[in-house]
*Asks:* 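After the structure tokens below, expect a handful of questions from me.
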2 protein chains.
Amino acid sequence: MATHELIAKPDTVHWGFYDASLEPVMRIRSGDTLEVHTESGREEYLAELGTRASQNLRDIIEQVPQELGPHIMTGPVAVEGAQSGDVLEVRIHEVKTRYDWGYNAIRPMMGGLPEDFPYTRAVIVDLDLEAQTGDWGAGVKVPLRPYFGNFGVAPPPAVGRVGSYPPSAWGGNLDNKELISGSVAYFPIFNEGALFSVGDGHGCQGDGEACLTAIETGLSGTMEIIVRKDLQLENPRAETDTHYILMGFDPILDNAAKMALRETIKFLGELRGMSRDDAYTLCSLAVDLRITQIVNGVKGVHAMLPKSLFA
Amino acid sequence: MATHELIAKPDTVHWGFYDASLEPVMRIRSGDTLEVHTESGREEYLAELGTRASQNLRDIIEQVPQELGPHIMTGPVAVEGAQSGDVLEVRIHEVKTRYDWGYNAIRPMMGGLPEDFPYTRAVIVDLDLEAQTGDWGAGVKVPLRPYFGNFGVAPPPAVGRVGSYPPSAWGGNLDNKELISGSVAYFPIFNEGALFSVGDGHGCQGDGEACLTAIETGLSGTMEIIVRKDLQLENPRAETDTHYILMGFDPILDNAAKMALRETIKFLGELRGMSRDDAYTLCSLAVDLRITQIVNGVKGVHAMLPKSLFA
């Protein structure tokens, strides 16, 4: 199996959207490994950052049009043999920080408490890459736990060009902090080649992504990409070493929680042939509903189902 | 400091409500330790349980009127010197299972997915007290992690007799699975003596309490009860060895999340003098919003703030 490196630069990124009509920037085979790099940033930070901002990021900001959403997405990568109806398995072998800086922004009309914080407040966060901490001023250093906030496949062609902001069936802006090194994500495929893209590097984030953004920063990821013809999915799923993760998305958090529950009940039926009643109760006893994020228009709830229940 | 044992029996419980006008069943001093026992059960299970159901539970079911809610509450306990405006600190030294059985119930019009499960389905769950597991049929044993789902102080007198079902400022049906042995809960006090009650023993529960109930079972708790005159609270708070826990309650989960965030931002200001902007961002980077429960009419979100951030 081959390994392919994909640098984020003007001709390998799309900014702010997913679109099935994008030409792939790379073609790989199922089972190949992708070493992919992402950039995060905005024009407004470049003066303060000076040479800390990479030339690739500067070139992207200068040359690539931003449409619909804020995320600089590396890709899309076409995977040979992938067909609509298949599943793309993404084994995240490693996610690493690239730079010694990130940023965090509060913006008006957005975030978890838009009524309380109706203004912009953007800060550059210094990262200590050796200690793997972010210097959150106020005497507090936060431990880094890097992961990609936004990744997935191209949406169904009929959806057209869709903003990178709300998560959906094709993945996208999941902002699920569990998808770190060692986790596996599964996406339903809607297009030939799957058309996988990744961006929105997060140095760290709490469940909820309360203020709108995490520590937004450039990351490098090593991912094994596999086309699964033996699986069928309507929505993304994931797993860690210790948990299966089932997801719910909806503009209303109450509905996202219901979807996450329904996905978990369905999954328990597939995994163990468990009755719906038994699965519902098992969720009540042993599955944790966590708030993935409340800030992407479409909110997220993820259900954490411990693998140890079945040991 | 004295230790007082309080058994749950017909003259030491109230069933289904909180009420400031209830006569205390015991008086203790601030700093005293309460060894308190709770019973959980309903008439419909007694035939199947036979002698597994304690005589105290049978007496309660026969003699005590149930009003408004389902929880058999032991108490209220009056704490000398407690005044409205003070805070009651409850240090949970130990919570233990009492019996080899519990139950789980799905009921129509209730639970996280009332549309999908419009019927009653009640099961007795066998508990292995040595292994500390519950036998959830379907080949799955769930680890026990006992805690009291429902505890708190009497509500303001103007509230009158209020159901034990929705959580509120005085605590009540929090169903917060973090409040195990070693945790500390803080409640605002609204009445002379505080009038502390406890019930709704849970053998284990996932965040969300998806189907309506946990493993409902009798528990014994050892709690140090302290009146704090140096604190002021509008809503309950808690802490574990590793986290501060701030809470949000609302019939709409989105609003509960906002309340939990606002409580966390306020707490960070009190704890560290942190600016509101800094606190909001710190929530985004390092505080986890979890769904406490979606099944008590008033839903809950709790924010987990790691103490390690301030080490």
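Chain letters run A, B, ... following the sequence lines, proteins first, then strands; residues in each count from 1.
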*Asks:* Mind checking the CZ-CE spacing from B:Arg290 to A:Met304? Nearest 0.5 Å is all I need.
*Replies:*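 It comes to 8.5 Å.
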*Asks:* Starting at CG of B:Asp207, measure out to CG of A:Leu289 and round the result to the nearest 0.5 Å.
*Replies:*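 Interatomic distance, B:Asp207 CG to A:Leu289 CG, rounded to 0.5 Å: 7.5 Å.
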*Asks:* What residue, out of A:Thr281, A:Asp116, A:Leu261, has the most heavy-atom pairs lying under 4.5 Å from chain B?
*Replies:*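 The residue among A:Thr281, A:Asp116, A:Leu261 with the greatest pair count is A:Thr281.
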*Asks:* I'd like to know which of B:Gly112, B:Ala256, B:Ser308, B:Gly208 tops the heavy-atom pair count under 4.5 Å against chain A.
*Replies:*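 Sorted descending by pairs with chain A, the first entry is B:Gly112.
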*Asks:* Tell me, side chain or backbone of B:Ile106 under 4.5 Å from chain A's heavy atoms, or both, or neither?
*Replies:*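 Answer is side chain: those atoms of B:Ile106 sit under 4.5 Å from chain A.
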*Asks:* Picking from B:Ala214, B:Ser284, B:Ala210, which has the most non-hydrogen pairs under 4.5 angstrom with chain A?
*Replies:*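 Highest number of heavy-atom pairs under 4.5 Å: B:Ser284.
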*Asks:* Counting only heavy atoms from other residues, nucleotides and ligands, does the tally under 6.0 Å from CD of B:Glu270 exceed 12?
*Replies:*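 More than 12 within 6.0 Å, yes.
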*Asks:* Is there a donor-acceptor contact under 3.5 Å from the side chain of A:Trp136 to the main chain of B:Asp278?
*Replies:*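 Yes, because the side chain of A:Trp136 sits within donor-acceptor range (under 3.5 Å) of the backbone of B:Asp278.
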*Asks:* Look at B:Leu113, B:Val140, B:Asn104 and state which one has the largest set of heavy-atom pairs under 4.5 Å with chain A.
*Replies:*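 The option with the most such pairs is B:Leu113.
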*Asks:* Should we say atom CD of A:Glu48 is surrounded by more than 12 heavy atoms from elsewhere, each under 6.0 Å from it?
*Replies:*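 Counting neighbours around CD of A:Glu48, 12 or fewer heavy atoms of other residues, nucleotides or ligands fall under 6.0 Å, so no.
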*Asks:* Considering only heavy atoms, which portion of A:Lys141 lies under 4.5 Å from any heavy atom of chain B: side chain, backbone, both, or neither?
*Replies:*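 Interface part for A:Lys141: backbone (N, CA, C, O).
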*Asks:* Among A:Glu209, A:Arg121, A:Lys258, who wins on heavy-atom pairs under 4.5 Å with chain B?
*Replies:*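 Among A:Glu209, A:Arg121, A:Lys258, the one with the most close pairs to chain B is A:Arg121.
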*Asks:* Taking atom CD as the centre, does B:Glu115 end up with more than 12 heavy-atom neighbours from other residues, nucleotides or ligands that are less than 6.0 angstrom away?
*Replies:*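 It does: B:Glu115 CD has more than 12 such atoms within range.
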*Asks:* Is A:Arg145 close to chain B through its backbone or its side chain, or both, or neither, when contacts mean heavy atoms under 4.5 Å?
*Replies:*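 Nothing of A:Arg145, per the 4.5 Å heavy-atom cut-off to chain B.
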*Asks:* Which of the residues A:His202, A:Met274, A:Arg276 is involved in the greatest number of heavy-atom pairs with chain B at under 4.5 angstrom?
*Replies:*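 Most heavy-atom pairs within the cutoff with chain B belong to A:Arg276.
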*Asks:* With only heavy atoms counted, which part of B:Thr264 is less than 4.5 Å from chain A, the side chain, the backbone, both or neither?
*Replies:*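 It is neither, since no heavy atom gets under 4.5 Å.
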*Asks:* Apply ring pair (Phe, Tyr, Trp, His ring centres under 6.0 Å) to A:Tyr280 and list each qualifying residue two or more places apart in sequence or on a separate chain.
*Replies:*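 Only B:Phe117 meet the ring pair (Phe, Tyr, Trp, His ring centres under 6.0 Å) criterion with A:Tyr280.
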*Asks:* When rounded to the nearest 0.5 angstrom, what distance separates SG in B:Cys211 from CG in A:Leu282?
*Replies:*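 CG of A:Leu282 is found 10.0 Å from SG of B:Cys211.
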*Asks:* Against chain B, label A:Asp277 side chain, backbone, both or neither, depending on which of its atoms sit under 4.5 Å from a heavy atom there.
*Replies:*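 The answer is both parts of A:Asp277.
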*Asks:* Can you tell which of A:Leu212, A:Val123, A:Ile215, A:Asp288 has the highest number of heavy-atom pairs within less than 4.5 Å of chain B?
*Replies:*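 Top count of heavy-atom pairs under 4.5 Å with chain B: A:Asp288.
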*Asks:* What part of A:Ile265 gets closer than 4.5 Å to chain B, counting heavy atoms only: side chain, backbone, both or neither?
*Replies:*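 The answer is the side chain of A:Ile265.
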*Asks:* With a 4.5 angstrom heavy-atom cut-off, could you sort out which part of B:Val301 is near chain A: side chain, backbone, both or neither?
*Replies:*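 The answer is the side chain of B:Val301.
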*Asks:* Just verifying a value: how many Å separate B:Lys177 NZ and A:Leu285 CG, rounded to the nearest 0.5 Å?
*Replies:*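 Separation between the atoms: 11.5 Å.
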*Asks:* At a 4.5 Å cut-off on heavy atoms, which part of B:Gln293 comes close to chain A: side chain, backbone, both, or neither?
*Replies:*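 Looking at B:Gln293, nothing touches chain A.
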*Asks:* Give a yes or no on whether A:Gln232 atom CD has more than 12 heavy-atom contacts from other residues, nucleotides or ligands under 6.0 Å away.
*Replies:*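 Not buried by this count: 12 neighbours or fewer within 6.0 Å.
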*Asks:* With rounding to the nearest 0.5 Å, note down the distance linking NZ in B:Lys299 to CG in A:Leu253.
*Replies:*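 With rounding to 0.5 Å, NZ (B:Lys299) is 9.0 Å from CG (A:Leu253).
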*Asks:* Identify which part of A:Val287 has an atom lying under 4.5 Å from any heavy atom of chain B, answering side chain, backbone, both or neither.
*Replies:*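 Backbone only.
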*Asks:* Could you look at B:Asp254 and say if it's the side chain, the backbone, both or neither that has a heavy atom under 4.5 Å from chain A?
*Replies:*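 Both parts, backbone and side chain.
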*Asks:* Of the backbone (N, CA, C, O) and the side chain (C-beta and beyond), which part of B:Ile294 lies under 4.5 Å from a heavy atom of chain A, both, or neither?
*Replies:*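 The side chain, not the backbone.
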